[in-house]
Amino acid sequence: MKYMKKSFSSMKPYHSELILDGIILNANESPVEPPKKVVEEIKNALSAIEFNRYPDMDEKELNLAIAKHYGICKENVTVGVGSDELLDVMFRATLEVGDTVLGFSPSFSMYQVFTELVGAKYIPIYGDENYIFHVEDMIKAIKEYTPKLVLICSPNNPTGQYLNERDVRRIIESTHALVALDLAYIDFAIEDYTKIALEYDNVISFKTFSKALALPSIRLGYAISNKDNIDMLNAIKAPYSVTTFTQLAGIIAISNFDLYKDQIDSIKEERERIYHTLKDLGYKVYPSEANFLYVLMDDSKNDALLENKIYIRKFKSGVYRITIGKKEENDKLLEVLK
Ligand code: PMP
């Protein structure tokens with residue numbers, strides 16, 4: 001990386017291993033494809049694409065479909081290449097070199113990367129000895145550091161903790177900083193409060209098609225906020241980044257959200273089953289409102305899983321995240337962990 005500027009020299013590419021064979025529980029993907037009707041309609045949509053034309057740069061129909069899903073206006077929505085693109089755009093649009101960003105820790109690793117890319121400073125607010133985050137700690141840190149940006153990931157990747165709407169509002173109302181609500185996993189939680197972003201000047205909600213909608217392959221995420229913040233993201237987003245295919249697939253998926261209910265419910269049921277089974281077996285496992293569980297276990301258990309071609313995510317020695325799979329995959333996982 002000899003042409004890389006000095007301040008980036010310690011950066012490494014984001015890496016999540018692509019595994020093609022075995023039981024894949026390492027990337028918080030859905031264990032099943034989208035509902036049949038959605039897959040069929042997406043495949044049919046391919047034939048309507050004029051491949052020699054650029055995509056709709058304003059993503060009008062897709063924004064409209066997302067807006068309709070929430071009962072809001074399309075001016076309050078913008079889309080990107082995964083929520084990753086929109087988070088990156090937000091960091092670049094709002095932060096100057098030396099600004100401070102606050103976020104609970106551990107959380108989604110890309111927050112730190114985006115912060116460093118713009119030369120800002122990331123201050124992690126740690127949870128207690130049980131990895132539980134406390135709203136009071138964040139409010140105290142906001143007073144102490146007067147950050148430019150506050151990040152809230154709920155449910156949190158990787159610990160699974162869900163902050164309820166009341167607590168999130170307490171944080172929002174304690175600061176003039178921009179508050180980014182990363183709600184990538186909230187479809188697996190008790191309540192989706194994406195729309196509260198519209199009640200404040202300083203809040204943007206970020207969501208994705210990669211998790212509950214089971215479409216990480218199309219790379220599509222969206223942001224919901226007031227028109228001013230949406231205009232800001234649109235002003236620096238790369239033109240034509242969301243392909244025609246992705247726009248069509250996104251419209252089909254979100255318009256058929258009701259069809260996903262059964263698969264989302266079964267992931268939630270399986271999450272509870274694995275949580276209680278692991279707890280009964282004596283594992284330290286944390287309550288989660290997402291499609292994964294944060295688990296402390298001996299590395300020898302992971303070796304045993306690997307021997308059985310079961311792949312989970314290792315953060316460091318003894319600290320793992322297990323994505324919820326299909327029932328039969330989870331059975332195999334539990335059998336090995338017994
Ligand atoms: N936020 C969180 C918390 C995530 O875990 C992820 C994906 N791992 C993303 C954002 C990015 O998702 P995508 O770019 O696929 O929409």
Side-chain angles (χ1 to χ4, degrees), residues 13-19 24-31 34 59 62 66 77-92 101 103-115 117 122 124 127 131 133 149-163 168 179-189 192-194 197 203-224 233 237-238 241-243 246-247 249-250 253-254 267 271 286 288-294 311-315 320-324:
Y14 182 87
H15 184 69
S16 176
E17 206 173 335
L18 179 66
I19 301 160
I24 304 164
L25 307 176
N26 69 337
N28 296 347
E29 294 159 326
S30 167
E59 299 106 359
L62 175 56
I66 295 169
V77 182
T78 189
V79 294
V81 181
S83 41
D84 275 342
E85 182 190 18
L86 293 172
L87 287 165
D88 179 31
V89 163
M90 174 196 63
F91 275 80
R92 287 189 286 125
V101 178
F104 285 116
S105 184
S107 197
F108 184 38
S109 60
M110 290 305 289
Y111 301 152
Q112 183 113 27
V113 175
F114 294 141
T115 304
L117 281 175
Y122 189 85
Y131 292 104
F133 302 145
L149 175 64
V150 175
L151 297 164
I152 298 175
C153 184
S154 173
N156 183 56
N157 179 10
T159 57
Q161 184 183 348
Y162 166 79
L163 286 184
V168 170
V179 179
L181 301 181
D182 185 345
L183 308 176
Y185 301 95
I186 205 155
D187 295 317
F188 300 108
D192 178 354
Y193 45 74
T194 302
V203 183
I204 308 179
S205 291
F206 292 88
K207 292 202 67 182
T208 178
F209 282 67
S210 301
K211 309 300 173 185
L213 287 164
L215 284 168
S217 52
I218 68 169
R219 304 301 300 125
L220 180 60
Y222 57 98
I224 287 180
L233 299 178
K237 204 176 82 172
S241 64
V242 179
T243 71
T246 296
Q247 293 187 36
I254 197 115
I267 289 169
R271 176 187 71 208
Y286 298 88
S288 165
E289 289 282 328
N291 65 337
F292 52 81
L293 290 163
Y294 200 53
Y311 303 95
I312 64 172
R313 173 76 189 268
K314 178 176 183 172
F315 286 96
Y320 293 87
R321 188 192 65 203
I322 302 175
T323 303
I324 309 305

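When a ligand or atom number is given, it counts from 1 through the structure's own listing order.
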Of all protein heavy atoms, the one nearest atom 6 (C) of ligand 1 is Phe108 CZ, 3.5 Å
If you have a sec, work out which protein heavy atom is nearest atom 1 (N) of ligand 1 and how many Å separate them, to one decimal?
-> Asp182 OD2, 2.6 Å
Do the non-hydrogen side-chain atoms of Phe188 and Ser288 ever get within less than 4.5 Å of each other?
-> no
With heavy atoms of Thr208 as the reference, note each atom of ligand 1 found under 4.0 Å away.
-> 13 (P), 15 (O), 16 (O)
How does Asp84 reach ligand 1, if at all, at less than 4.0 Å between non-hydrogen atoms: by side chain, backbone, both, or neither?
-> both
Are the aromatic rings of Tyr185 and Phe292 close, with centres under 6.0 Å apart?
-> yes
Evaluation steps, side-chain hydrogen bond (donor to acceptor under 3.5 Å, both in side chains), between Ser241 and Glu85 = CA-CA 9 Å; Ser241 64; Glu85 182 190 18; 3.1 Å; yes
Scan side-chain atoms only and decide if Arg321 and Asn26 contain a donor-acceptor pair under the 3.5 Å cut-off.
-> no
Tyr131 and Asn156: side-chain donor and acceptor closer than 3.5 Å?
-> no
Contact with ligand 1 for Glu85, non-hydrogen, under 4.0 angstrom | no
Hey, what's the ring geometry for Tyr193 with Tyr162, parallel, tilted or perpendicular (30° and 60° as the breaks)?
-> tilted
Enumerate the atoms of ligand 1 whose separation from the nearest heavy atom of Ser210 is less than 4.0 angstrom.
-> 13 (P), 15 (O), 16 (O)
Looking only at protein heavy atoms, what sits closest to atom 14 (O) of ligand 1 is Arg219 NH2, 2.8 Å
Identity and separation of the nearest protein heavy atom to atom 12 (O) of ligand 1 | Ser83 OG, 3.4 Å
Do any heavy atoms of Cys153 fall under 4.0 Å from ligand 1?
-> yes
Nearest-neighbour protein heavy atom for atom 8 (N) of ligand 1, which is reported as residue plus atom name and distance | Lys211 NZ, 3.5 Å
4.0 Å heavy-atom contact, Met110 with ligand 1 | no
May I ask whether Tyr185 has any heavy atom positioned less than 4.0 angstrom from an atom of ligand 1?
-> yes
For the residue pair Tyr311 and Leu25, establish whether any side-chain heavy-atom pair is separated by less than 4.5 Å.
-> no
Determine, for Lys207 against Asp187, whether the closest basic-nitrogen to carboxylate-oxygen distance falls under 4.0 angstrom.
-> yes
Contact between Gly82 and ligand 1, counting heavy atoms under 4.0 Å?
-> yes
Just say parallel, tilted or perpendicular for the rings of Phe114 and Phe91, cut-offs at 30° and 60°.
-> tilted
Is it true that Asn28 lies under 4.0 Å from ligand 1, counting heavy atoms only?
-> no
